[in-house]
Amino acid sequence: MNRIDPQPKPGKARISVLVPVKNEADNLRRCLPALAWADEVFVVDSQSSDETARVAEEHGAKVVQFHFNGVYPKKKNWALDHLPFRNEWVLIVDADEVVVPELAEEIARRTAADESDGFYLNMKYFFLGRRIKHCGYAEAWNLRLFQHRLGRYEKMPVAPGIRTGDNEAHEHVELQGRAPLRLRHELDHHAYPSIAVWVEKHNRYAVWEAAMYERFLREPIPTSIGPGKRFKRMLKKVYLRLPARPLVRFLYAYVARLGFLDGRPGLVFCTLLAFYDFLAWANVYEMGLDGRGTGPRVGATASDPLPIREAARPELIATAGAIAGPGA
């Protein structure tokens, strides 16, 4: 449970930082020193095989190991429900992100002023050693700073056995409080050290997108994720019905959103975005969710994962909550 300590560390902002990780030792060496201004930092690890835990402890972070049950909760919601945060405000930072000094000062000042119950942060997106200023990535606002008791990520469990990762990558924070405001200064996001890492992570993201296909098409859009995110979800309902989506994505990012102005990194990035949409479509087709695919694998047994379409059933979602146990 959350516990509030009336006395933060001297000279520190009354912020608790949550950094979800797995095999992020190199990124943490850049991320954690930039969080020295915060009262406490939790690094929530998924049994990394590299030096992640040691690097985190060397920088004064509290290391907690997370064991995913395969369904729900994922890492961030589990941490928000179970870690003993001693501050009311929680900041979510990924290991490949850096909180610059100007942003740190603004966070401390504006949370102390009690302007809102949450704040959106924008990112400066770096890819292949260059800042991506176009491609639709000039703005990427996400609710990352909020009053702990008022914010949780959307609950979007998938069927058991679906390998989509144990961390919320696309789910948004639902805030039960005053409308969030925007911070002026930005995070530095050093996205993916190599093409191979990008492909590995987006392969998992594409499986998740496929698992959520029917949900995105048919379920009502949550009212608690903010107007900007609701508008994007509305567009997604339309976009998922378009033919030739990978081509549409490339033309949108490279031409309409001026990705060509980002040079060769922009060309690579826009092509990868189109490839990601192709992977998501191919997974939907393979799973038979569009009515035309191959459906369950030939030779599948009772021990294999449930068909993906089961993920949208209310009884499965209820079961996922039961598996997660108290606090889910």
Side-chain angles (χ1 to χ4, degrees), residues 17-35 43-46 48 50 52 55-56 74-76 91-100 102-104 120-145 153 164-173 183 185-209 228-229 232 246 249-250 252-254 257-280:
V17 183
L18 168 61
V19 187
V21 298
K22 182 172 183 178
N23 294 330
E24 295 279 11
D26 289 341
N27 278 329
L28 286 180
R29 291 186 175 96
R30 177 181 54 209
C31 172
L32 292 179
L35 297 174
V43 170
V44 183
D45 188 19
S46 298
S48 292
D50 66 358
T52 288
V55 171
K74 288 190 174 183
K75 192 181 301 182
K76 292 174 186 174
L91 172 67
I92 313 293
V93 177
D94 289 336
D96 60 0
E97 297 169 345
V98 175
V99 177
V100 298
E102 296 83 2
L103 176 59
Y120 288 106
L121 279 74
N122 194 27
M123 299 181 204
K124 294 179 180 177
Y125 199 94
F126 295 88
F127 181 71
L128 294 181
R130 177 167 177 167
R131 166 85 186 276
I132 298 296
K133 297 182 179 179
H134 305 92
C135 308
Y137 274 68
E139 290 191 346
W141 293 96
N142 286 286
L143 183 55
R144 297 284 204 87
L145 175 64
Y153 283 83
T164 59
D166 69 353
N167 191 34
E168 293 88 344
H170 299 286
E171 295 91 335
H172 301 303
V173 172
L183 294 179
H185 294 94
E186 300 169 309
L187 279 170
D188 283 356
H189 184 194
H190 299 273
Y192 313 110
S194 67
I195 301 298
V197 172
W198 194 100
V199 171
E200 185 274 328
K201 288 192 175 183
H202 281 75
N203 183 50
R204 287 190 282 106
Y205 297 163
V207 174
W208 183 88
E209 289 273 3
K229 299 301 182 185
K232 287 185 176 181
R249 182 67 179 273
F250 178 81
Y252 171 76
Y254 195 68
R257 299 306 298 269
L258 306 179
F260 60 88
L261 294 178
D262 285 314
R264 290 184 180 179
L267 174 61
V268 174
F269 188 63
C270 293
T271 303
L272 287 173
L273 291 176
F275 175 60
Y276 171 60
D277 275 28
F278 172 78
L279 281 177

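Residue numbers start at 1 and run along the sequence shown.
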Are [X] and [Y] side-chain neighbours, meaning at least one heavy-atom pair lies under 4.5 Å?
| X | Y | value |
| --- | --- | --- |
| L145 | L183 | yes |
| E186 | N122 | yes |
| D277 | F250 | no |
| T271 | Y276 | no |
| V100 | D188 | yes |
| L91 | L121 | yes |
| C135 | R257 | no |
| I92 | V19 | no |

Mind running side-chain hydrogen bond (donor to acceptor under 3.5 Å, both in side chains) on D166 and S46 for me, showing each step along the way? CA-CA 8 Å; D166 69 353; S46 298; 2.5 Å; yes

Quick check on F126: does its CZ atom have over 12 non-hydrogen neighbours (other residues, nucleotides or ligands) under 6.0 Å away?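 Yes, CZ of F126 has more than 12 neighbouring heavy atoms, counting only those of other groups under 6.0 Å.
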
Taking the basic N atoms (NZ, or NE/NH1/NH2) and the acidic carboxylate oxygens, is any pair closer than 4.0 Å for E97 and R144?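 Looking at E97 and R144, the cut-off is met.
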
Closest approach of A206 to A280 (non-hydrogen atoms, all atoms of both residues):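 Smallest heavy-atom distance, with atoms named: CB-N, 3.7 Å.
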
ring-ring contact (aromatic ring centres under 6.0 Å, His included) partners of H189, counting only residues at least two apart: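 Partners of H189 by the ring-ring contact (aromatic ring centres under 6.0 Å, His included) criterion, ordered by chain and then number, come out as Y125.
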
Can you tell me how the ring of H202 sits relative to the ring of Y205, calling it parallel under 30°, perpendicular over 60° and tilted otherwise?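 It falls in the perpendicular class, over 60°.
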
Centre-to-centre under 6.0 Å for Y137 and F269, is that the case here?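 Ring centres of F269 and Y137 closer than 6.0 Å.
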
Under 3.5 Å, which donor-acceptor pairs link side chains of residues 21-31 to any protein atom two or more places apart or in another chain?
{"from": "N23", "atom 1": "OD1", "to": "S49", "atom 2": "N", "distance (Å)": "2.7"}
{"from": "N23", "atom 1": "OD1", "to": "S49", "atom 2": "OG", "distance (Å)": "3.3"}
{"from": "N23", "atom 1": "OD1", "to": "D50", "atom 2": "N", "distance (Å)": "3.3"}
{"from": "E24", "atom 1": "OE1", "to": "N27", "atom 2": "ND2", "distance (Å)": "2.7"}
{"from": "D26", "atom 1": "OD1", "to": "R29", "atom 2": "NH1", "distance (Å)": "2.9"}
{"from": "N27", "atom 1": "OD1", "to": "R30", "atom 2": "NH2", "distance (Å)": "2.7"}
{"from": "R29", "atom 1": "NH2", "to": "E51", "atom 2": "OE1", "distance (Å)": "2.9"}

